[in-house]
Amino acid sequence: MDDDLTWSTGVGSADELARIDDPGTSVRSDPGGAVLRFTAIGTGWKIDTARPLPDGLRTRIVALCEDFDRVWSRFRTDSLVAAIAHAPGGGRFSFPARDTALLDLYDRLVAATAGAVDPLVGRALELLGYDADYTLIPDRAGLADLAPASWSRDVRHEQTTIVTDRPLVIDVGAAGKGHLVDLIAQHLFDEGIDEFLIDGGGDLRQSGPEPVVVALQHPTRPGRAIGTVPLHNAALCASATTRRTWGEGLQHVLDGRTGQPVSDVVATWALASDAATADGLATALFVSDPASLVAFEFSWVRMLVDGRVQWSNDFDGELFL
């Protein structure tokens with residue numbers, strides 16, 4: 001997700017962190033450190049390292065982001081998912097080998113949530129107005145006639161290939177950006193860089209000997225935090241129904257079984273060893289009882305619409321309750 005519900009900071013008391021004025025994600029580098037900033041897949045990115053990245057690595061990271069967008073974006077006409085969405089009789093479509101992990105993760109998420117997390121929510125998002133033209137005008141007649149597609153029923157997934165028999169609109173907003181964070185992390189590891197903080201629109205992955213303290217932003221009170229957590233050789237992703245809204249009850253987190261926006265949970269945070277898993281589970285926490293997600297290793301916090309906060313027993317942070 002790209003909902004900017006985290007700040008990373010090296011210092012600050014709980015009281016100070018609860019009054020941060022910047023409502024976005026703020027990475028505070030050590031003196032002498034380097035930060036690479038760029039825009040990709042519609043959001044801002046920062047990569048914090050001890051030294052500037054080599055030009056060749058920077059070029060490869062930018063190329064990776066562009067190719068990822070060319071494969072997965074439902075907002076461009078030349079993407080692979082656009083081709084899938086416009087294939088009248090369906091077909092057989094091959095994805096890059098690097099994205100096998102993302103497809104496999106969706107298999108697991110769909111199964112664990114009984115279809116509540118489903119990458120075929122794309123058509124419902126379009127009808128709600130979150131389409132390629134950003135009309136932001138719901139198609140009420142289309143929504144009334146919508147029979148939500150199902151990843152487990154309408155798609156056959158075979159390693160890097162999917163097979164369909166009709167047009168389907170794929171949207172990997174639940175875990176795609178986290179997956180891209182992990183791909184960038186692997187590029188850094190391959191270059192021998194093992195101390196870094198990647199911030200992809202609020203999705204964080206950290207590697208290094210010392211943890212980074214991350215503040216969890218309050219979803220309805222900009223500039224305030226509900227708690228902090230140390231992030232150490234792990235990933236933290238968050239989402240909120242107060243981000244990317246365009247009307248009463250219209251926002252981007254949907255229940256895949258109904259195609260309707262969720263309403264019971266307002267914000268989630270998930271920590272896992274990789275960002276794709278944390279990203280996907282941050283969405284799953286909106287639509288599933290956390291007890292149903294025991295197949296995954298993660299810790300979590302979520303805020304309900306009535307303001308109550310829930311968290312896992314193994315959440316290794318402090319909440320300002």
Side-chain angles (χ1 to χ4, degrees), residues 1-10 24-30 33-51 53 57-58 60-62 64-65 68 72 98-102 104-105 109 172-217 228-239 268-285 296-301 314-317:
M1 310 302 285
D2 53 348
D3 298 300
D4 254 8
L5 287 181
T6 57
W7 299 287
S8 58
T9 177
T25 302
S26 177
V27 179
R28 302 173 185 175
S29 305
D30 290 334
V35 181
L36 171 64
R37 302 172 187 268
F38 59 97
T39 299
I41 64 169
T43 194
W45 291 72
K46 291 182 280 188
I47 303 176
D48 228 311
T49 51
R51 295 181 299 278
L53 300 180
L57 177 58
R58 295 171 63 173
R60 290 192 295 277
I61 289 173
V62 170
L64 166 66
C65 293
F68 187 87
W72 292 105
R98 63 159 195 245
D99 295 331
T100 301
L102 180 60
D104 291 345
L105 174 61
L109 289 169
V172 293
K177 183 153 61 65
H179 176 58
L180 183 54
V181 168
D182 292 334
L183 293 175
I184 293 174
Q186 191 57 54
H187 272 59
L188 298 177
F189 286 133
D190 290 345
E191 194 76 15
I193 300 169
D194 57 6
E195 295 185 28
F196 57 78
L197 176 66
I198 301 172
D199 178 351
D203 286 0
L204 305 177
R205 180 162 172 177
Q206 188 269 354
S207 176
E210 298 296 330
V212 174
V213 177
V214 179
L216 312 181
Q217 180 176 334
T228 63
V229 65
L231 185 64
H232 190 208
N233 294 316
L236 169 64
C237 296
S239 189
T268 63
W269 296 263
L271 294 103
S273 60
D274 64 275
T277 299
D279 203 8
L281 290 170
T283 298
L285 287 167
F296 297 92
E297 293 187 10
F298 76 114
S299 60
W300 56 272
V301 176
D314 58 350
F315 174 69
D316 187 26

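Residue indices begin at 1 and follow the sequence shown. In this text the structure is predicted, and so the values were computed from the model without any measurement.
Here NZ of K177 is found 10.5 Å from CZ of F68. Values are rounded to the nearest 0.5 Å. Here the straight-line distance linking atom CG of L197 with atom CG of D48 works out to 5.5 Å at 0.5 Å rounding. With rounding to the nearest 0.5 angstrom, the CG atom of L231 is 5.5 Å from the CD atom of Q206. Residue C237 holds its SG atom at 3.5 Å from CG of D203, rounded to the nearest 0.5 Å. Note: L105 CG to H179 NE2 = 9.5 Å, rounded to the nearest 0.5 Å. T268 OG1 to L281 CG: the interatomic distance, rounded to the nearest 0.5 Å, is 9.5 Å.
For the pair V181 and D279, the minimum side-chain heavy-atom distance is 4.5 Å or more. Residues V301 and L271 have side chains not in contact (no heavy-atom distance under 4.5 Å, counting atoms from C-beta outward). Two residues are said to be in side-chain contact when any heavy atoms from C-beta on lie closer than 4.5 Å; I47 and L188 meet this criterion.
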Run the numbers on L204 and V212 for side chain to side chain contact (heavy atoms under 4.5 Å, CB included), then give the verdict.
CA-CA 10 Å; L204 305 177; V212 174; over 6 Å; no
Side chain to side chain contact (heavy atoms under 4.5 Å, CB included), that's the test. Do I184 and L64 meet it? Break it down for me.
CA-CA 8 Å; I184 293 174; L64 166 66; 4.0 Å; yes
Assess whether side chain to side chain contact (heavy atoms under 4.5 Å, CB included) is satisfied between W72 and I41, documenting all intermediate values.
CA-CA 9 Å; W72 292 105; I41 64 169; over 6 Å; no
Begin with the C-alpha distance, continue with both residues' side-chain angles, and end with the deciding distance and a verdict on side chain to side chain contact (heavy atoms under 4.5 Å, CB included) for I61 and F38.
CA-CA 10 Å; I61 289 173; F38 59 97; 4.0 Å; yes
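For the pair E195 and G208, the tightest heavy-atom approach, listed with the atom from each and the gap, is CG-CA, 3.9 Å. A pairwise comparison of heavy atoms in P230 and G317 identifies CD-CA, 4.2 Å as the closest pair. For W45 against G200, the heavy-atom pair with the smallest separation is CE3-CA, 3.5 Å. Closest approach of L236 and V214 over heavy atoms only: CD2-CG1, 3.5 Å. In terms of heavy-atom proximity, D316 sits nearest to V229 at O-CG2, 3.5 Å. Of all non-hydrogen atoms in A270 and A282, the two that sit nearest each other are CB-N, 3.8 Å.
Surrounding CZ of R58 are at most 12 heavy atoms belonging to other residues, nucleotides or ligands under 6.0 Å away.
For the salt bridge (charged side-chain N to carboxylate O under 4.0 Å, His left out) with R205, the lone residue among D274, D182, D199 that qualifies is D182.
A distance-only check finds no donor-acceptor pair linking the side chain of H232 to the backbone of V213 [under 3.5 Å].
Between the side chains of D190 and Q186, a donor-acceptor pair is found at a separation under 3.5 Å.
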